[in-house]
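Since the structure comes first, as structure tokens, the remarks are kept for the end.
All values reported here derive from a predicted model rather than from experimental measurement.
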Amino acid sequence: MVLNLSYQQNKFIQLFGFVQSMVDTQKLFSLPLTLKQALTNHYYFIKIILIGEYIKHRTFNGANKALPVLASSLVNAGFNQVVQLDLERDDLSINDVLLEVQNADLIIFAGCLTTQWQEIDAHSKKIFATLMEYGRQNVPILVGGYATKSVEDIASITPWITAFCDGEGENSIVEIAHAVAKGNFHRNMKQLPGLCFTQINQGFYCANTDNNKLANFYRSTASRVTNFDEIDQNFGLRHIPKVHNMDIFKTKDGRQLKTAQMFTQRGCPWGCGFCNKSQENNHVVRLSETSFRRQLRQLKQRGYEAIYLDVDTFTAHPTAAKKEAEILQQEGFVWGSNTRIDKIDYEQMCYLVKHKCVYMFFGVEHTLPEVSLANHKFNGSIQSQIKQALDYPAKIKQVFQDMNKAGLPSSYFLILGLPKAKLNTDKTEIIGYEPTTLADDLSAIRFGLEECNPDFLNFNILRFMPGSFAADTPGNCSYTCVRPSGEKPITAGYFLERAVKHYGYSQSPTHGVYRLCESVGRYQPITTAINPQRVYDTICYAMQLINAKIDAGGKATKLFIDRDLLALGLVSQDEQGRYAIAPLEDFAKI
């Protein structure tokens, strides 16, 4: 009788773990060469599945960036059977994933966002059931990415997920794979960097039956990667062409350029209240020129024409930014990236445009100084922050005027429903916080369209993403007045329907009109300052200003609109770019 491959591999892992527990490393590697080679080959032949989840209600769909990065790290470490399954692909479904996991040794949902917990929950449970059906009780199912922030409540009611990987994964995933290959993963979980889990009794974990009490949870965070030069960021990447409601990375005749994402730096030196990028470590690490050129040339050979640099503050280090712009031009790409309004000037813009930059994004968030203060937009003493906040509107106006003059497309991005600070009469001290009003948001829109004249305008609603200051800070803070949980932190469980019901969390109201704002879907805790009528009135006001500007012969600023809403006819544009919108009640039906 011939054993199937998965059974042989599982038995080998058990044998290898036994051998390691009986002899030290020196004795193990003094075994006969043929036996040592056989052990080594089997050791690195474990099957690792990397799964990318589909993101609903997102303006920009595309390939999951974490999969090729982690796969490259594993292959560089000698693991030869790494399968990438990105559910953003039109040719993949969860059924394809279930077929692949039947003989897997390690399964990881990689690069996940908290907003994907509905999908992660359903799919991980199906995977666990498949493993049980095939007698694979000890195969770890892990979840990595931002979805692992404040995840204790989900962990307590999700016993089929073995652990959560918090922090940067390029190094930690290799250590996890080594532990699985040795057969000691479950025994050594506390020694694996970044692994978080409910405490083990025996083997798998039991869900906590007390609705109001979380299971004992072990936490750790993987350290920041200091060198990622050898990682191929597009290793085994399957290009996922998507058409977006935005005219960037296109030819003059409208053809979508084949675009890849890359990062040339990790880390952000800022600490904004609604973002979690810099909460763990604000040290910035950069990609070397040699590695950057090598990867660009590989992409060029595969037909890529445009690059979006997925970095947080591209021009924070101006010399390095200029050098990377030169490299992108020399290697034959058009490109775009992110930065901050207070970290770019006209001279830099002209230099970037000269070197084929066709798009630069920065979040305005809001124009009121009191909002910038409540949301910790700036660093330094309170007096310094107040001065920076008061100077911010003029900087916004100057930067957008410079963008238009430099020929760089500009995007005006606002977050609705933010809190704002209350200042004393001489504006030297913060004396409290309160929600922004509809009038506050309308003034920011009017300022943007009249003073900044942007090419694009898009909106988001304040969502409380675990891992950020806005979601995590307990007690009375600047966000308490708009946070649905009040003084209590927002956890990952607020994003999962099953957890909301299990723990009795307050649930943010849902309405189809929220889809007019980027990426907002069901089971996302949003600001209490917002309601459907306010969102509708805000978007209508923006459309009225855009239409009036067009009628006066001005630029046709383009709104980011969910393509489903366009397909349903809820929002439409005429040939000149003027907008029309359906009545509010029609949005309640979606």
Side-chain angles (χ1 to χ4, degrees), residues 44 48 50 52 62-80 82 84 108 110-111 144-145 165-178 193-194 221-239 259-269 277-278 280-302 304-333 335-339 352 355-357:
Y44 287 112
I48 302 170
L50 301 176
N64 185 315
K65 190 64 190 171
L67 303 189
V69 169
L70 297 178
S72 178
S73 296
L74 289 164
V75 171
N76 287 347
F79 293 95
N80 299 310
V82 183
Q84 301 181 51
I108 304 174
C165 309
D166 190 8
E168 297 187 2
E170 289 91 333
N171 292 338
S172 61
I173 196 172
V174 173
E175 295 195 42
I176 290 168
H178 280 305
T221 304
S223 59
R224 169 144 292 165
V225 176
T226 57
N227 188 332
F228 41 85
D229 286 349
E230 299 308 313
I231 294 171
D232 179 357
Q233 297 179 35
N234 296 286
F235 178 81
L237 176 68
R238 289 284 296 269
H239 181 244
T259 305
Q261 273 184 282
M262 284 190 69
F263 53 84
T264 55
Q265 69 180 49
R266 280 286 186 80
C268 178
K277 290 289 184 75
S278 60
E280 295 164 3
N281 186 329
N282 61 4
H283 178 61
V284 175
V285 181
R286 301 195 78 91
L287 185 69
S288 74
E289 177 183 337
T290 301
S291 179
F292 190 29
R293 285 190 185 276
R294 180 178 68 247
Q295 294 184 68
L296 288 175
R297 289 172 184 176
Q298 291 169 347
L299 288 169
K300 180 62 70 173
Q301 290 172 357
R302 292 159 59 187
Y304 285 88
E305 304 166 276
I307 299 291
Y308 189 76
L309 293 179
D310 187 13
V311 298
D312 301 305
T313 313
F314 179 68
T315 56
H317 302 283
T319 302
K322 285 184 177 181
K323 184 61 181 177
E324 288 169 5
E326 293 168 7
I327 292 170
L328 284 159
Q329 182 198 36
Q330 290 164 5
E331 300 301 331
F333 289 93
W335 59 279
S337 189
N338 308 327
T339 196
L352 301 183
H355 293 85
K356 302 299 181 183
C357 178

Among side-chain atoms of Thr339 and Thr315, is any donor-acceptor pair under 3.5 angstrom? yes
Do Ile173 and Leu74 touch side chain to side chain, with heavy atoms closer than 4.5 Å? yes
Any side-chain heavy atom of Arg302 within less than 4.5 Å of one from Leu237? yes
Close aromatic pair by centroid cut-off 6.0 Å: Phe333 and Tyr304: no
Residues Glu305 and Lys300 bridged, charged N to O under 4.0 Å: no
Non-hydrogen side-chain atoms of Gln265 and Val285 separated by less than 4.5 Å: no
Does Glu326 come within less than 4.0 Å of Lys322, counting only side-chain N to carboxylate O? no
Are the side chains of Leu287 and Met262 in contact, using a 4.5 Å heavy-atom criterion? yes
Out of the candidates His317, His355, Arg286, Gln329, only one should pair with Glu324 under the side-chain hydrogen bond (donor to acceptor under 3.5 Å, both in side chains) rule; please name it. Arg286
If we ignore angles and hydrogens, is there a donor and acceptor under 3.5 Å between the side chains of Gln84 and Arg238? no
Is it the case that the side chain of Ser72 and the backbone of Asp232 share a donor-acceptor pair, with hydrogens and angles ignored and the cut-off at 3.5 Å? yes
Between Lys356 and Glu331, is there a side-chain N and carboxylate O pair less than 4.0 Å apart? no
For the residue pair Ser291 and Gln295, confirm or rule out a side-chain donor-acceptor distance under 3.5 Å. yes
For the residue pair Glu170 and Leu70, what are the closest heavy atoms and their distance? N-CD2, 4.0 Å
